[in-house]
2 protein chains.
Amino acid sequence: MEPAARRTYRRESEETRRADLITATQELVAEGGPEAATVRAIAARAGVTAGLIRHYFQSKDELTRAAFVSLMDGMTAKGADALEGVGAQPEERLAAFVSASLRPPVMDVGAVVLWAGYMHKVRNDPALRLAHEASYLAYRNILQSLIAALPREATEAQQRAEAIACNGLIDGLWLEGSVLTHAFAPGEIVTIGLRSVGAILGVDLIAHSAMLPDPGKILP
Amino acid sequence: MEPAARRTYRRESEETRRADLITATQELVAEGGPEAATVRAIAARAGVTAGLIRHYFQSKDELTRAAFVSLMDGMTAKGADALEGVGAQPEERLAAFVSASLRPPVMDVGAVVLWAGYMHKVRNDPALRLAHEASYLAYRNILQSLIAALPREATEAQQRAEAIACNGLIDGLWLEGSVLTHAFAPGEIVTIGLRSVGAILGVDLIAHSAMLPDPGKILP
DNA sequence: CGACAGATTATCCAAACGTATAACAGTTGG
DNA sequence: CCAACTGTTATACGTTTGGATAATCTGTCG
């Protein structure tokens, strides 16, 4: 057999290559679960050969960790982004935060599958457990600060409990809304989330969500 | 080389063997994630050899499906069991159901990891998606019937929305309470769950949970 | 423009995977 | 107590996996 032609390639910066490999890993896990993310499949999607993974990451496990941390950071960042460009009224800000978490691109079945695919590693790998916990607390603290800004009387302990409750509610709705897409009407999850968070906190968020995009008219 | 000594064995009933293999699969996925549940590991834990799996299941995938269905059925069954032997008062029954879902053995990190490990198969495999959806609806319908029994005025549409909300809240708290065990005080999740479900529905569940086991004194 | 450094590819490897099948042995009915 | 049945084991196969190493190409700097 004659020697195969060696493929041409471009040298890229370290950050580019690492980002490409991380993105490829996330996409594959989101699409086909953890077992679909083999070193060969990751390399193929990133447009490189398998050996390059070990050039940038000590092992596949390290790439896996990096991909998870990137996922979690991205999700909280997207939530916080929703607070930019919204008014200063506390109820309005909270409503914006809640509804952003219950809409695409945060509410997405691929994101759920990706997140779920890492659960057992979160349990067993101390570094991942730390990253997961930090990300959870970061999100909850944003929530708690939004709650604290509401015009109500409430102790800090009560605000903590309310933040835990709202966080759980949002997470559960995010999960079910993402996976059971066609079990709910368009915008139903957002409306239910706003109403329930409002009920838990004793404020009316629906009335303050008028400025936000219509839940029923979200583009795919 | 002389022939290896053949291991002695007992013939078991089909149901026993199938249950053993399913249990072994669930334990392995819960402990080490989906990739730990190889045919050889499953067989070893079930006390048989690998070939037997194919005698009872057409493929490993079919065993996987059976294990997931068994998991979901078991979880909803455990929730419904909590309604046995509790009083007839609606608030008390709802409180029992909620708190059972937020305690061991339902609230357990192994259960979460096991459930999460199947998420991507739920997405891709139509049979599993159906099973998952049926299980979700079964749980939610129990919840909705408990809500409908409360002494309140509420339309059916409103009860449906409330059931979705409470289901999401319970699922989210189940998830976080299971994975982030040491981030919460003992019984804190149960208390928050009862208070928040009460807030969403406009009833006081804490007052009606006095008969239930003390959340702070659950045995491991 | 030529040489150097290292980014990238190509190739190889041992281990583990799911599956297939033949041989064996426990169980059951006559 | 033997014969048929089938649950179960043992063994082998072809594929794929993550990891390691050698060869080579690309961009850069003197």
Side-chain angles (χ1 to χ4, degrees), chain A residues 1-25 28-29 32-68 117-118 120-121 124-125, chain B residues 1-25 28-29 31-67 117-118 120-121 124-125:
Chain A
M1 181 149 55
E2 56 190 282
R6 196 180 180 89
R7 63 185 274 182
T8 68
Y9 62 93
R10 283 187 45 198
R11 295 171 78 126
E12 296 286 355
S13 73
E14 172 165 348
E15 37 196 346
T16 302
R17 279 279 129 95
R18 291 179 73 100
D20 286 352
L21 289 170
I22 286 174
T23 301
T25 305
L28 285 167
V29 174
E35 64 256 36
T38 68
V39 288
R40 287 168 176 79
I42 293 169
R45 172 145 327 197
V48 298
T49 54
L52 197 62
I53 289 178
R54 293 254 321 172
H55 185 70
Y56 286 110
F57 299 93
Q58 249 187 4
S59 71
K60 186 197 176 185
D61 257 30
E62 196 187 305
L63 168 56
T64 283
R65 267 190 290 272
F68 177 74
Y118 284 112
H120 93 274
K121 291 186 201 292
N124 295 328
D125 184 336
Chain B
M1 183 145 53
E2 57 189 280
R6 204 178 175 87
R7 64 184 272 185
T8 68
Y9 61 90
R10 284 187 46 200
R11 294 171 82 121
E12 297 286 354
S13 73
E14 171 166 350
E15 37 195 347
T16 301
R17 280 279 129 98
R18 291 178 74 98
D20 286 351
L21 289 169
I22 286 173
T23 301
T25 304
L28 285 166
V29 174
E31 291 166 14
E35 65 254 37
T38 68
V39 288
R40 287 167 175 82
I42 293 169
R45 170 138 336 188
V48 298
T49 55
L52 196 62
I53 289 179
R54 294 253 324 175
H55 189 262
Y56 286 109
F57 300 92
Q58 249 187 4
S59 70
K60 187 197 172 185
D61 257 30
E62 195 186 306
L63 168 55
T64 282
R65 269 190 288 272
Y118 285 111
H120 94 273
K121 292 185 200 295
N124 296 329
D125 184 337

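Every chain is numbered from 1 and lettered A, B, ... according to where its sequence line falls, protein lines coming before strand lines.
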Tell me every residue that passes side-chain contact (heavy atoms from CB on, under 4.5 Å) with B:Asp61, counting only those two or more places apart in sequence or in another chain. B:Ser59, B:Arg65
For B:Thr16, give me all partners under side-chain contact (heavy atoms from CB on, under 4.5 Å), at least two apart in sequence or on another chain. B:Glu12, B:Ser13, B:Asp20
Once you round it to whole Å, what is the distance between [atom2] of [N] and [atom1] of [X]?
{"X": "A:Arg18", "N": "C:dT8", "atom1": "CZ", "atom2": "P", "answer": "13 Å"}
{"X": "A:Glu12", "N": "C:dG6", "atom1": "CD", "atom2": "C1'", "answer": "15 Å"}
{"X": "B:Ile53", "N": "C:dT21", "atom1": "CD1", "atom2": "P", "answer": "17 Å"}
{"X": "A:Leu21", "N": "C:dT9", "atom1": "CG", "atom2": "P", "answer": "10 Å"}
{"X": "B:Lys60", "N": "C:dT19", "atom1": "NZ", "atom2": "P", "answer": "8 Å"}
{"X": "A:Arg54", "N": "D:dG19", "atom1": "CZ", "atom2": "C1'", "answer": "5 Å"}

Do any N or O atoms of the protein come closer than 3.5 Å to N or O atoms of nucleotides 2-6 of chain D, and which pairs are they?
unit_1: D:dT6; atom_1: O2; unit_2: B:Arg11; atom_2: NH1; d: 3.2
unit_1: D:dT6; atom_1: O2; unit_2: B:Arg11; atom_2: NH2; d: 3.1

Of the non-hydrogen atoms in [X] and [Y], which two are nearest, and what is the gap between them?
{"X": "B:Ala67", "Y": "B:Ile22", "result": "CA-CG2, 3.8 Å"}
{"X": "B:Val29", "Y": "B:Pro34", "result": "CG1-N, 4.1 Å"}
{"X": "B:Thr38", "Y": "B:Lys60", "result": "CA-NZ, 4.1 Å"}

Does [X] have a side-chain nitrogen or oxygen under 4.0 Å from the phosphate oxygens OP1 or OP2 of [N]?
{"X": "A:Arg17", "N": "C:dT8", "result": "yes"}
{"X": "A:Arg7", "N": "C:dT9", "result": "yes"}
{"X": "B:Tyr56", "N": "D:dT8", "result": "yes"}

Sorted by chain and residue number, the salt bridge (charged side-chain N to carboxylate O under 4.0 Å, His left out) partners of A:Glu14 (sequence neighbours excluded) come out as A:Arg18
Please enumerate all residues that pass side chain to side chain donor-acceptor pair (under 3.5 Å) together with B:Lys121, with sequence neighbours excluded. A:Glu35
Could you go through residues 42-55 of chain A and list every donor-acceptor pair under 3.5 Å that involves a side-chain atom there, pairing it with any protein atom two or more places apart or in another chain?
unit_1: A:Arg45; atom_1: NH1; unit_2: A:Glu27; atom_2: OE1; d: 3.0
unit_1: A:Arg45; atom_1: NH1; unit_2: A:Glu31; atom_2: OE2; d: 3.0
unit_1: A:Arg45; atom_1: NH2; unit_2: A:Glu31; atom_2: OE1; d: 3.1
unit_1: A:Arg54; atom_1: NH1; unit_2: A:Gln58; atom_2: O; d: 2.9

So do the side chains of B:Thr64 and B:Phe57 get within less than 4.5 Å of each other, counting heavy atoms only? no
Polar atoms only, N or O, under 3.5 Å: list the protein pairs with nucleotides 28-30 of chain C and their distances.
none

Side chain B:Tyr9 and base C:dG26 donor-acceptor under 3.5 Å: no
Pick the nucleotide of DNA chain C nearest each of A:Ser13 and B:Ser59; which residue has the one closer to the 5' end? A:Ser13
Closest nucleotide among C:dA10, D:dT9, D:dT26 to the B:Arg6 side chain: D:dT9
Neighbours of DNA chain C within residues 32-51 of chain A, by heavy-atom distance under 4.0 Å: A:Val48, A:Thr49, A:Gly51
Looking at every strand, decide which applies to B:Phe57 at a 4.0 Å heavy-atom threshold: base, sugar-phosphate, or nothing. nothing
Look at all strands and tell whether A:Glu14 reaches a base, only sugar-phosphate, or nothing, counting heavy atoms closer than 4.0 Å. nothing
